[in-house]
**Q** 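Here's a structure for you.
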Amino acid sequence: MEIDKAIGESEDKRLKTKYNNAIFVIRRALSLYSIEEVAFSFNGGKDSTVLLHLLRAGYFLHKKELSSSNGGLSSFPVRTIYFESPSAFTEINAFTYDAAQTYGIQLDIIRQDFKSGLEALLKANPIRAIFLGVRIGDPTAVGQEQFSPSSPGWPPFMRVNPILDWSYRDVWAFLLTCKVKYCSLYDQGYTSIGSIHDTVPNALLSVNDTSSKEKFKPAYLLSDGRLERAGRVKKNASVKNDVGSDSQKHEVLLASVIAVGDEILSGTVEDQLGLSLCKKLTSVGWSVQQTSVLRNDVDSVSEEVDRQRSICDMVFIYGGVGPLHSDVTLAGVAKAFGVRLAPDEEFEEYLRHLISEQCTGDRNEMAQLPEGITELLHHEKLSVPLIKCRNVIVLAATNTEELEKEWECLTELTKLGGSTSLMESKRLMTSLTDVEVAKPLSKLGLEFPDIYLGCYRKSRQGPIIITLKGKDNARIDLAVQGLCEKFKEGVFVDMK
Ligand SMILES: Cc1cc2nc3c(=O)[nH]c(=O)nc-3n(C[C@H](O)[C@H](O)[C@H](O)COP(=O)(O)O)c2cc1C
Ligand SMILES: Nc1ncnc2c1ncn2[C@@H]1O[C@H](COP(=O)(O)OP(=O)(O)OP(=O)(O)O)[C@@H](O)[C@H]1O
Ligand SMILES: [Mg+2]
């Protein structure tokens, strides 16, 4: 079998591992289900094309083991389904039909939507499992395993995803190493192909050319595989790096700060990062709603993150980030969002640079990130990008110096401060007793509902410090004036 031979002869260790794992999944499926009970969902895309060749190789190896025959593979008996749509690219249709002919595949063309088509297919055939070329990073891969039952509301069958853990680069390494044909659109800058209405060549492959027609490099030259869908026209708005939508622009943004560390709870280590973060957030106009310290425990983290992410605009979490057994923060964040941790090739690359000589094996546990929700925020000053999972920022800092650097980069990258309207504030000190100020202060609160009034004392007998905060300086001045009028002159000292 030429594919098995090509991979065997390749020196790409990673590709060999991916290939062997995929073949293992295929052979497991072929042992669990009879050949009449399986189907292959083929659409001429690159992932589908990889799967076609893996399935042929897997089937060949499976058959060889059963019959100890050494013959070639002239036909491929796995039922192959193609959902043909009027909005498919002609190149995709042509490639799909061509491949079927080349490899002796009997194509079942379905001209219905996925769900209805599958319902009819399963009614008419004993199919129990369907092979798909779904990969981590695809929007539909979230929550899937290599064997995943179809979703509730879909006809019942097993989705088999042999290349779920393959990266964009793995796909191209396979297609190029095996020298197999793929759809011509990939050589014209298309990196992921949907319909003619939502797919254009990937702008990241654009070649600056003086002639009027824009040219593109082939898909396999895209260096950052995470951007393979950049050629898909987005259904809803653009990806934003800045926090706070326009509707929130004039509201105070709410933050929650979470520390993870048994050592903080036992008093062994003092948490200085929380204090520093609260100061920083406040200084750029955020309102910190809560700080919490959690045990190094996945469920504690997931429950707290889940709660805070729905209440606050942004959650900042630190501690418990790394490869140790106690480093559970990312697992907790993943669980809070109902996704799993999955290897992130790009992050792995950064870590490899950082700890290259200590890196053993082909998997780095630290490179596992919450799947489908993670955005890496790069900054030239950081050796490893910051991790942002929707509205949760995972900080790797372990001391205030490191935090300082991460914060600086974060504010530059996300406009943390720029998108919010800064709060104005004033502080007053008085030696009046708390009994004397209590009532007038609560009255002031009712008169100025838009002004935040905070009080604290440095000691039981010492002076009281009153903070007034709001978005409008004039309103703060008015509140201060209102407060002073309730007392004798000179009892409040302006602390600036
Ligand atoms: C064979 C097959 C099985 C599918 N099974 C499911 C499923 O179990 N659950 C689900 O939500 N979507 C299922 N889908 C739909 C895909 O997840 C996804 O919606 C589709 O591939 C995306 O195509 P689109 O971008 O054209 O909408 C299935 C699709 C195919 C082709
Ligand atoms: N119209 C379709 N007919 C049959 N199978 C399909 C169809 N659309 C999607 N699939 C299945 O879903 C998988 C994932 O689709 P997806 O579009 O992500 O990958 P692809 O088309 O193989 O490659 P690309 O990401 O380059 O478009 C396919 O590999 C295929 O198994
Ligand atoms: Mg596709």
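Since this is a predicted model, take the numbers as computed values, not measurements. One-based numbering along the sequence shown. When a ligand or atom number is given, it counts from 1 through the structure's own listing order.
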**Q** For atom 3 (N) of ligand 2, find the nearest protein heavy atom and state the residue, atom name and distance (0.1 Å precision).
**A**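 The protein heavy atom lying closest is F83 N, 3.0 Å.
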
**Q** Less than 3.5 Å between some nitrogen or oxygen of G194 and one of ligand 2, yes or no?
**A** no

**Q** Do the rings of F174 and W166 sit parallel, tilted or perpendicular, given the 30° and 60° boundaries?
**A** perpendicular

**Q** Identify, by atom number and element, the atoms of ligand 2 in contact range of I81, meaning under 4.0 Å from any of its heavy atoms.
**A**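 Numbered from 1, ligand 2 contributes 4 (C).
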
**Q** Is there at least one pair of N or O atoms, one from Y82 and one from ligand 2, spaced under 3.5 Å apart?
**A** no

**Q** Between atom CD1 of I393 and atom CD1 of I317, what is the distance when rounded to the nearest 0.5 Å?
**A**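 So the CD1 of I393 and the CD1 of I317 are separated by 12.0 Å.
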
**Q** Going by heavy atoms in the side chains, are N391 and D313 under 4.5 Å from each other?
**A**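 SC-SC contact between N391 and D313 ruled out.
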
**Q** Suppose we measure from atom 11 (C) of ligand 2 to each protein heavy atom; which comes out shortest, and what is that distance?
**A** L132 CD2, 3.6 Å

**Q** May I ask whether F114 has any heavy atom positioned less than 4.0 angstrom from an atom of ligand 2?
**A** yes

**Q** For the Mg ion (ligand 3), does an N/O/S atom of K46 lie at less than 2.8 Å?
**A**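 Within the cut-off used here (under 2.8 Å), K46 places no N, O or S atom near the Mg ion (ligand 3).
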
**Q** One residue to check: D138. Relative to ligand 2, which of side chain, backbone, both or neither has a non-hydrogen atom less than 4.0 Å away?
**A** side chain

**Q** Name the option, out of F114, F83, F131, that contains the heavy atom nearest to atom 20 (C) of ligand 1.
**A**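 Minimum heavy-atom distance to atom 20 (C) of ligand 1 goes to F114.
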
**Q** Would you indicate whether the side-chain heavy atoms of R14 and S167 approach each other to under 4.5 Å?
**A**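 Yes - at least one pair of side-chain heavy atoms lies under 4.5 Å apart.
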
**Q** I want to confirm something. Looking only at heavy atoms, which of I110, I130, L132 is nearest to atom 2 (C) of ligand 1?
**A** L132

**Q** Run the numbers on F216 and Y190 for ring pair (Phe, Tyr, Trp, His ring centres under 6.0 Å), then give the verdict.
**A** CA-CA 8 Å; F216 295 88; Y190 290 82; 7.8 Å; no

**Q** What are the two closest non-hydrogen atoms of P162 and L51, and how far apart are they?
**A**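 In this case the closest contact between P162 and L51 is CG-CD1, 3.6 Å.
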
**Q** Does a side-chain N-to-carboxylate-O contact under 4.0 Å join E349 and R352?
**A**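 Answer for the salt bridge query: no.
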
**Q** Using a 6.0 Å distance limit plus a 45 degree cone around the ring axis, check whether R309 lies over the aromatic ring of F337.
**A** yes

**Q** What atoms of ligand 1 come within less than 4.0 Å of a heavy atom belonging to S150?
**A**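 Those of ligand 1 that fall under 4.0 Å from S150 are 8 (O).
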
**Q** Which part of T140 is near ligand 2, with near meaning a heavy atom under 4.0 Å away: side chain, backbone, both or neither?
**A**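 The answer is neither; T140 stays 4.0 Å or more away.
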
**Q** If you have a sec, work out which protein heavy atom is nearest atom 25 (O) of ligand 2 and how many Å separate them, to one decimal?
**A** K46 NZ, 3.0 Å

**Q** Should you measure from each heavy atom of G45, which atoms of ligand 2 turn up under 4.0 Å away?
**A** 20 (P), 21 (O), 22 (O), 23 (O)

**Q** May I ask you to test the F157-L118 pair for a side-chain heavy-atom distance under 4.5 Å?
**A** yes

**Q** What is the closest protein heavy atom to atom 14 (C) of ligand 2, and at what distance does it sit?
**A** G133 O, 3.8 Å

**Q** Measure the distance from atom 27 (O) of ligand 2 to every protein heavy atom, then report the residue, atom name and distance (to 0.1 Å) of the closest one.
**A** I193 N, 2.8 Å

**Q** Does the salt bridge (Lys or Arg N to Asp or Glu O under 4.0 Å) test come out yes or no for E402 and K405, once each step is laid out?
**A** CA-CA 5 Å; E402 288 166 6; K405 194 162 152 195; over 6 Å; no

**Q** Of all the atoms in ligand 2, which lie at a distance below 4.0 Å from a heavy atom belonging to T191?
**A**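 Close to T191: 26 (O).
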
**Q** Can you find a pair of side-chain heavy atoms, one from F316 and one from V394, that are under 4.5 Å apart?
**A**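 Answer no - side chains too far apart.
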
**Q** Quick one: nearest non-hydrogen protein atom to atom 23 (O) of ligand 2, plus distance?
**A**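 Result for atom 23 (O) of ligand 2: D47 OD2, 3.1 Å.
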
**Q** Identify the protein heavy atom lying closest to atom 2 (C) of ligand 2, giving its residue, its atom name and the separation to 0.1 Å.
**A** N43 CB, 3.4 Å

**Q** Provide the number and element of each atom of ligand 2 under 4.0 Å from a heavy atom of Y186.
**A** 23 (O), 24 (P), 26 (O), 27 (O)

**Q** Note the single closest protein heavy atom to atom 5 (N) of ligand 2, along with its residue, its atom name and the distance in Å.
**A** S41 OG, 2.7 Å

**Q** Thinking salt bridges, do E228 and R135 make one under a 4.0 Å N-O criterion?
**A** yes

**Q** Which one holds for L51 and ligand 2: side chain close, backbone close, both close, or neither close, with close meaning a heavy atom under 4.0 Å?
**A** neither

**Q** Give a yes/no on ligand 2: does T49 have at least one heavy atom closer than 4.0 angstrom to it?
**A**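 No, that is not the case, since the closest heavy atom of the residue is not under 4.0 Å from the ligand.
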
**Q** Would you say V134 and ligand 2 have an N/O pair spaced under 3.5 Å apart?
**A** no

**Q** Report yes or no: does T199 contribute a side-chain atom to a donor-acceptor pair with the main-chain N or O of H197 at less than 3.5 Å?
**A** no

**Q** Heavy atom to atom 14 (N) of ligand 1, shortest distance: which of W154, F42, F40 holds it?
**A** W154

**Q** Quickly, which of Y82, F76, Y59 forms a side chain to side chain contact (heavy atoms under 4.5 Å, CB included) with F40? Name it, please.
**A** F76

**Q** Can you list the atoms of ligand 2 that are under 4.0 Å from a heavy atom of S48?
**A**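 Selected atoms, number and element: 22 (O), 28 (C), 29 (O), 30 (C), 31 (O).
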
**Q** Are any side-chain N or O atoms of T102 and backbone N or O atoms of D98, one a donor and one an acceptor, separated by less than 3.5 Å?
**A**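 Present.
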
**Q** What I want to know is whether S41 and ligand 1 share at least one N or O pair that is separated by under 3.5 angstrom.
**A** no

**Q** Hey, does L376 have a side-chain heavy atom less than 4.5 Å from the side chain of L386?
**A** no

